[in-house]
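Below you'll find the structure, written out as structure tokens, and then a few comments.
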Amino acid sequence: MTTTAARTTTVEVRLPSRLGFEKVAMSTASAVAKLMGFRDERIEDLKTAIAEACINAIEHGNRLNEKLSVGVVLSAGTDALEIRVMDDGKGMKQQPTKPDIDKKMHGEEDPRGMGMFLIQALVDEAEWVVGSNGKGSYVRLVIRLDKEES
Amino acid sequence: MQTDTKSKIDQVTSPAGTAATVLRFEGDISSSSKDAVIGTYQGLSKTTAKTILLDFTKVEYINSSGIALVIQLLMEAANSGQKILAFGLSAHFQKVFTMVGITKYAGLFPDQTAALATV
């Protein structure tokens, strides 16, 4: 853990590209968010959002290639926590769409594919950034402390 | 490194006398849970198991792939005329299930007693 100027504290984690290891990022984010004073409900939201972001990075970005790793950087500011989940993929170009449960139930839409929607719905900001030269993409998540929490 | 999903089946009766089958899950529900979720469900008799309760009390982690398996189960159940109720989800996952629309096809209840009271 490092503390830089402007009251930002950074924690970095590097995960193998193997499903299941998103739990390491979830635990780390949970611990940092708790230290910052986020309430339990928001921490649960963050854990699920980070899990989905890491799973996307592991499955789609790094294509389950265990020679590659997923980087997770948590930056704790005064009133907000920013998380970047980085992989070696080309990035997600499409925007999240709300799942249509009726279509899924009738076999007209894949039951999968809800990760990006959940990410965007559970945090205050979500941004998918395509890396230059088709590599080094990341998703940036931000949750902000409520007035009652700060 | 994904934690396996354990599942077991129990038969219960509601206060109104309705027979119900409970699928109890334990552990994580993720992409590796197909056998535990779909496999266990498909092992039930479609003729006799008309009311099915999904017990998530001992489930600690569900990701979107796991939710997709639950949706697949709901789809197959709907096609077979089976009623599905779920209970034991944490407040967070009740919220997530509601966000993706599962509550349109399966009632969510705090515990088995509350679920059985409706059948």
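Note on naming: letters A, B, ... go to the chains in the order of the sequence lines (proteins, then strands), and numbering restarts at 1 for each one.
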> Among A/D100, A/L122, A/I101, A/T48, which has the most heavy-atom pairs under 4.5 Å with chain B?
Replying inline: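 Going by pairs under 4.5 Å, I would pick A/I101.
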> When heavy-atom pairs shorter than 4.5 Å are enumerated against chain B, which of A/M105, A/R112, A/E44 gives the highest number?
Replying inline: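 Most heavy-atom pairs under 4.5 Å with chain B: A/M105.
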[Y]/[X] salt bridge by N-O under 4.0 Å criterion:
| X | Y | answer |
| --- | --- | --- |
| A/D102 | B/K104 | yes |
| A/K23 | B/D28 | yes |
| A/E12 | A/R14 | no |

> Which bit of A/E52 is near chain B, if near means a heavy-atom gap under 4.5 Å: side chain, backbone, both or neither?
Replying inline: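 Only the side chain of A/E52 comes within 4.5 Å of chain B.
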> chain B heavy atoms under 4.5 Å from A/D45: which part of the residue, side chain, backbone, both or neither?
Replying inline: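 Both parts, heavy atoms under 4.5 Å.
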> Can you list the residues that meet the side-chain hydrogen bond (donor to acceptor under 3.5 Å, both in side chains) rule with B/T40, with sequence neighbours excluded?
Replying inline: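 In terms of side-chain hydrogen bond (donor to acceptor under 3.5 Å, both in side chains), with neighbours along the sequence ignored, B/T40 is linked to B/S7.
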